[in-house]
Novice: 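Below you'll find the structure I mean.
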2 protein chains.
Amino acid sequence: MGVRVRNSRDDVVARALAVLDAYGLGDLTMRRLGAELGVRPSALYHHFPDKQTLLGAVADEVLARGLGGAPATPPGDLPWDGVVLEACRRVRDALLAYRDGAELVATVRAFGLGGAAALEEVAAAVATGGFDDDLVATASRALLHLVLGHTGEEQTHLQAQSVGAIGGEPRPDSDFDAAVGLLVAGLRATTPGARADA
Amino acid sequence: MGVRVRNSRDDVVARALAVLDAYGLGDLTMRRLGAELGVRPSALYHHFPDKQTLLGAVADEVLARGLGGAPATPPGDLPWDGVVLEACRRVRDALLAYRDGAELVATVRAFGLGGAAALEEVAAAVATGGFDDDLVATASRALLHLVLGHTGEEQTHLQAQSVGAIGGEPRPDSDFDAAVGLLVAGLRATTPGARADA
DNA sequence: ACCTGAACACCGTTCAAGT
DNA sequence: ACCTGAACACCGTTCAAGT
């Protein structure tokens, strides 16, 4: 019943998010999104030069909604390794909040058109440990690969299950923490001087 | 000038590998592959039920060619951490040997139709350290995510450069070793009793 | 065992033109 | 500032029929 108004760029991104969550990344097409907005697909090219750029904006919105509120480094004086684990969990939760969220962010990162906030979140946490810049960069990239890979698998299985599917092992939630913990332990061991915490 | 013969399943996979390497994953379409074989696209469905299954077979062939010859665990008595690093490097080299190799293997693993050899290679190496089964599983998955993520980025940059592109930082080769080394160090630290080597 | 021919239901993108 | 209409050059997949 709403009056039919013309769509702003933000309207397009918001609607894309809804289509993503309802139908998945594979069905988030320019034609379908146009139809959902009551508009021809060509109208979308007024806001975005191509689909990749649109997807980049959608991925950034997923991350903004999931990470936006809380500060990258929490107020309490957690030890650095606790801060890192929490950052990884926040990124994971942000990805799990939308269907195919992990795959979307991995994709847009691959063509360099979005998803930067995910790496920034992790890097800010790692920097808390007082490591030198090269190590922060290496560890953050490695942790993000872990988060994206692990969450992508987890999301695939969750979505397969919710369709009532095969019923393979449900993959314990704790395996994410274990994987991240392994890398954090390596970080701790690699630089024996770096336990700047409680 | 070869006589035009009918194509076996292996012919199709071999030709798909050639198309992949020459034109990339995005241009590896059923129609293009058919044309390359001198055949209508529908003929391919005699060998494969769908494109995903074909891609799974192509990914398995990439891994078989890259990992096939050498045994999973080398003859010399390397310490377990050396064995793990070598396994990760072998998988990485296998992926780098074909255009978009990392993206291909990541994709087919996501829909569960191939690429199992990559995880097996890493898991066999980790098992060498004498860890219990859960830890082997967790560490192997984490290491493979590192290898796929890192190699995927590296490959994107290498291919962008070879097109004569932007010329961002070339990403030192040693960062792969550093990332894997971080996780291996965590593995070493997590289980204080496990240094079953020289 | 392998292939054709023809169709079905889609894609992303461009561009002149409208309001 | 936003949208239409129409086109271009593609996709994956199915299926009856041929050899």
Novice: Can you pull the side-chain hydrogen bond (donor to acceptor under 3.5 Å, both in side chains) pairs that have at least one residue in residues 94-110 of chain B, sequence neighbours excluded?
Specialist: A:Glu153-B:Arg109, B:Arg65-B:Tyr98, B:Asp100-B:Gln159
Novice: Side chain to side chain donor-acceptor pair (under 3.5 Å) with B:Asp134: which residues, sequence neighbours excluded?
Specialist: none
Novice: Does C:dC3 have OP1 or OP2 sitting under 4.0 Å from an N or O in the side chain of B:Asn7?
Specialist: yes
Novice: Identify the two heavy atoms, one from A:Ala87 and one from A:Ala125, that lie closest to each other, and give their separation to 0.1 Å.
Specialist: CB-CB, 3.5 Å
Novice: Measure from CG on A:Asp11 to C1' on D:dA1 and round the result to the nearest Å.
Specialist: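 From A:Asp11 CG to D:dA1 C1': 13 Å.
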Novice: I need the minimum non-hydrogen distance between A:Val147 and A:Thr151, along with the two atoms involved.
Specialist: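 Where A:Val147 meets A:Thr151 most closely, the heavy atoms are O-OG1, 2.6 Å.
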Novice: Got a list of side-chain donor-acceptor pairs under 3.5 Å for residues 37-49 of chain A, not counting sequence neighbours?
Specialist:
residue : atom : partner : partner atom : Å
A:His47 : NE2  : A:Asn7  : O            : 3.0

Novice: Give me the residues of residues 16-31 of chain A where at least one heavy atom lies under 4.0 Å from an atom of DNA chain C, by number, or none.
Specialist: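 Nucleic-acid contacts, sorted: A:Thr29, A:Met30, A:Arg31.
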Novice: Using atom P in both nucleotides, what's the gap between C:dA17 and D:dC2 to the nearest angstrom?
Specialist: 22 Å
Novice: What N/O pairs connect the protein and nucleotides 4-6 of chain D at under 3.5 Å? Give each pair on its own line.
Specialist:
residue : atom : partner : partner atom : Å
D:dT4   : OP2  : A:Arg40 : N            : 2.7
D:dG5   : O6   : A:Ser42 : OG           : 2.9

Novice: Taking salt bridge (Lys or Arg N to Asp or Glu O under 4.0 Å) as the criterion, tell me which of B:Arg92, B:Arg90, B:Arg89 meets it with B:Glu121.
Specialist: B:Arg90
Novice: Can you list the residues that meet the side chain to side chain donor-acceptor pair (under 3.5 Å) rule with A:Asp21, with sequence neighbours excluded?
Specialist: none
Novice: Taking the side chain as C-beta and beyond, is there a heavy-atom pair between B:Leu33 and B:Leu54 under 4.5 Å?
Specialist: yes
Novice: Name all residues meeting the side chain to side chain donor-acceptor pair (under 3.5 Å) criterion together with B:Thr138; count only those two or more places apart in sequence or in a different chain, and write none if there are none.
Specialist: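 With neighbours one apart ignored, the set is A:Asp175.
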Novice: Can you name the side chain to side chain donor-acceptor pair (under 3.5 Å) partners of B:Gln155, sequence neighbours left out?
Specialist: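 So B:Gln155 forms no side chain to side chain donor-acceptor pair (under 3.5 Å) with any residue.
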Novice: Look at atom CG of A:Asp133 and say whether more than 12 heavy atoms of other residues, nucleotides or ligands are closer to it than 6.0 Å.
Specialist: no
Novice: What base-paired stems does DNA chain C take part in, with at least 3 consecutive Watson-Crick or G-U wobble pairs and both distances under 3.5 Å?
Specialist: C:4-8 with D:12-16, C:12-16 with D:4-8
Novice: Dump the pairs, protein N or O against N or O of nucleotides 16-19 of chain C, anything under 3.5 Å, distances to one decimal.
Specialist:
none

Novice: Output the residues of residues 45-61 of chain B in contact with DNA chain C, where contact means a heavy atom of the residue under 4.0 Å from an atom of the strand; sort by number or write none.
Specialist: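 The answer is B:His46, B:His47.
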Novice: Any side-chain heavy-atom pair from B:Leu20 and B:Asp27 closer than 4.5 angstrom?
Specialist: no
Novice: Just the rounded figure in Å: distance from P of D:dG12 to CG of B:Leu44.
Specialist: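 To the nearest whole Å, that distance equals 10 Å.
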Novice: Say you pick atom P in D:dA9 and the same atom in C:dA9; how far apart are they, in whole Å?
Specialist: 23 Å
Novice: Enumerate the residue pairs fulfilling side-chain hydrogen bond (donor to acceptor under 3.5 Å, both in side chains) with a member in residues 48-59 of chain A, sequence neighbours excluded, ordered by first and then second residue.
Specialist: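 Pairs touching residues 48-59 of chain A that pass the test: A:Asp50-A:Thr53.
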Novice: Does some side-chain heavy atom of A:Val108 sit less than 4.5 Å from a side-chain heavy atom of A:Asp60?
Specialist: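 The answer is no; the side chains never approach within 4.5 Å.
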Novice: Checking B:Ser8 against B:Asp11: is there a side-chain donor and acceptor pair closer than 3.5 Å?
Specialist: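 A donor-acceptor contact under 3.5 Å links the two side chains.
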